[in-house]
Amino acid sequence: MILFEVTRFGEVDSTNEHIKRLMAQGAPEGTVVIAETQTGGYGRRGHVWSSPQGGLYLSALLRPGVYQVIDQADLMAKLPTLSLACGIAVRRTAVGFLAPRVAQDVKLKWPNDVVVQTEAAYRKLSGISLEGTAEGLCLGIGINVVPPSSSKAGKEVYLAELTCSGECPSVEKVSDALLTELGAIYNTWLDQPFLHFLSEYNEHNVMSGRRVSIQAGQGTIEGEFLHIDEAGRMMIRTEDHGVIPIVSGEAHVLGIS
Ligand code: BTN
């Protein structure tokens, strides 16, 4: 059972960098850093993660299989699904603050973005990164909670914009709820095959049944996104090669910005 030990900061360079420094010093699994702002927040593929006041910026140190009795071969095989399970934890956290008719539009975009779907677009509510080092894993989660005063209409959506009354839970409340969901999901993920989460992921997958384009390596693959499988792979129906599994790549839904 993972226990989180949380330290809160005003400003840091990046909560991920902070966790990686603690990891190198031997900090235990469950060490969590939360900051009000980041000067060097980053996302997957080196994207900048803008981190003004009003967002939740959280990183957690994980060492799956170090404190738990778990078969190492099984662990290696299911490791790629951990970030997808974390996406489910963030989605559960967000919908916990929302009315059902709003919650139904909160979706997952492979591998683990949490987005809100409207007719012609989806906007990002949260991003997740998972980095491995020799000492463990650094899970980084950013959630847009309250829009900054200077925000222009963009590709983001904020939890505050989705709550019925416009009254938003505090960033602290969101982080508490997130850690509860994350702890439960992580413990289940350690004990169970990813199959356990599959229907929940596929039910809320924004890409299911849509035409997608996936940039993988040097090439681009286009086809219909069917579902993800028990290994967390995207199953894509292509015109030329039938149904193929894709393990990594940047996926875009065609016709939706
Ligand atoms: C992505 O969607 O590309 C992932 C974004 C991850 C952002 C979070 S914010 C907290 C943690 N610290 C960072 O520098 N990045 C992650």
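Throughout, residue positions are numbered sequentially from 1 according to the sequence presented.
Between M234 and I214, some side-chain heavy-atom pair lies under the 4.5 Å cut-off. Between E172 and R8, the closest side-chain pair of non-hydrogen atoms falls below 4.5 Å. Taking 4.5 Å as the limit, some side-chain heavy atom of E222 sits within range of a side-chain heavy atom of L254. Contact of the L58 side chain with the L179 side chain is registered, since non-hydrogen atoms from C-beta on lie closer than 4.5 Å. Between I2 and L62 the shortest side-chain heavy-atom distance falls below 4.5 Å. Within the 4.5 Å cutoff, no side-chain heavy atoms of Y122 are placed close to those of V116. In this structure, P169 and T163 have side chains that are in contact, with non-hydrogen atoms separated by less than 4.5 Å. Between L98 and L159 the shortest side-chain heavy-atom distance falls below 4.5 Å.
Atom OG1 of T7 is separated from atom NE2 of H18 by 7.0 Å, given to the nearest 0.5 angstrom. Taken from CZ in F97 to CG in L162, the straight-line distance is 12.5 Å, to the nearest 0.5 Å. Put simply, OG1 on T37 and CD on E11 are 4.0 Å apart, with the number rounded to the nearest 0.5 Å. To the nearest 0.5 Å, the span separating NZ on K173 from CG on L178 amounts to 15.5 Å. F194 CZ to T81 OG1: the interatomic distance, rounded to the nearest 0.5 Å, is 5.5 Å. One distance of note links SG of C86 with CZ of R91; it measures 15.5 Å at 0.5 Å rounding.
Within 6.0 Å of CD in E5 there are 12 or fewer heavy atoms belonging to other residues, nucleotides or ligands.
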### Task
Dump the intermediate steps for side chain to side chain contact (heavy atoms under 4.5 Å, CB included) on V206 and W110, then the final yes or no.
CA-CA 8 Å; V206 76; W110 195 94; over 6 Å; no
### Task
Could you go through the side chain to side chain contact (heavy atoms under 4.5 Å, CB included) check for N144 and V157 one step at a time?
CA-CA 7 Å; N144 302 325; V157 63; 5.8 Å; no
### Worked verdict on R92 versus I185 for side chain to side chain contact (heavy atoms under 4.5 Å, CB included)
CA-CA 10 Å; R92 284 187 189 175; I185 289 246; 3.7 Å; yes
### Message
Between I141 and V90, does the side chain to side chain contact (heavy atoms under 4.5 Å, CB included) criterion hold? Intermediate values first, please.
### Response
CA-CA 8 Å; I141 300 177; V90 174; 3.9 Å; yes
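Residues L125 and I128 are members of one and the same hydrophobic cluster, defined by side-chain heavy-atom contacts under 4.5 angstrom among Ile, Leu, Val, Met, Phe, Trp and Tyr. V247 and L226 fall into different hydrophobic clusters, defined by Ile, Leu, Val, Met, Phe, Trp and Tyr side-chain heavy atoms under 4.5 Å apart, directly or through other members. Transitive grouping of hydrophobic side chains (ILVMFWY, heavy atoms separated by less than 4.5 Å) keeps F225 and V243 in distinct clusters. One hydrophobic cluster, built from ILVMFWY side chains closer than 4.5 Å, cannot hold both I143 and F9; they sit in different ones. V212 and I221 fall within a single hydrophobic cluster, where Ile, Leu, Val, Met, Phe, Trp and Tyr side chains are chained together by heavy-atom contacts under 4.5 Å.
Taking a cutoff of 4.0 Å between a charged side-chain nitrogen and a carboxylate oxygen, E135 and R63 do not qualify as a salt bridge. Note on R123 versus D105: no salt bridge recorded, every NZ/NE/NH1/NH2 to OD/OE distance being 4.0 Å or above. Under a 4.0 Å N-O distance rule, the pair D113/K155 does not qualify as a salt bridge. Salt-bridge check for R210 with E224: failed, with every basic side-chain N at 4.0 Å or more from each acidic carboxylate O.
The shortest heavy-atom contact between T93 and V174 is CG2-O, 3.9 Å. In plain terms, the two heavy atoms of E230 and L195 that are nearest each other are CB-CD1, 4.0 Å. Residues Y158 and P148 come closest through the heavy atom pair OH-CD, 3.6 Å. Contact detail for C168 and V145: the closest heavy-atom pair is SG-CG1, 3.6 Å. Between N16 and G140, the closest heavy-atom pair is OD1-CA, 3.3 Å. Considering every non-hydrogen atom in both I19 and S59, the closest pair reads CG1-CB, 3.5 Å.
Of the possible donor and acceptor atoms, none in the side chain of T31 sits under 3.5 Å from a partner among the backbone N and O of A27. K78 places a side-chain N or O within donor-acceptor distance of the main-chain N or O of Q192, the cut-off being under 3.5 Å.
In summary, the side chains of Q53 and E36 do present a donor paired with an acceptor at a separation below 3.5 Å, with no hydrogens or angles considered. T15 and Q38 share a donor-acceptor pair across their side chains, judged by distance under 3.5 Å alone. No donor-acceptor contact under 3.5 angstrom links the side chains of N202 and S208, judged on distance only. Using a 3.5 Å distance cut-off with no hydrogens or angles, the side chains of E29 and Y186 do pair a donor with an acceptor. Residues T39 and D13 have side chains that never bring a donor and an acceptor to within less than 3.5 angstrom of each other. R44 and N112 are linked by a side-chain donor-acceptor pair at a separation below 3.5 angstrom, with hydrogens and angles left out of the test.
The side-chain contact (heavy atoms from CB on, under 4.5 Å) test with L139 singles out one residue from V32, L182, L61, and that residue is L182.
Aromatic pair Y201/H227: centroids not less than 6.0 angstrom apart.
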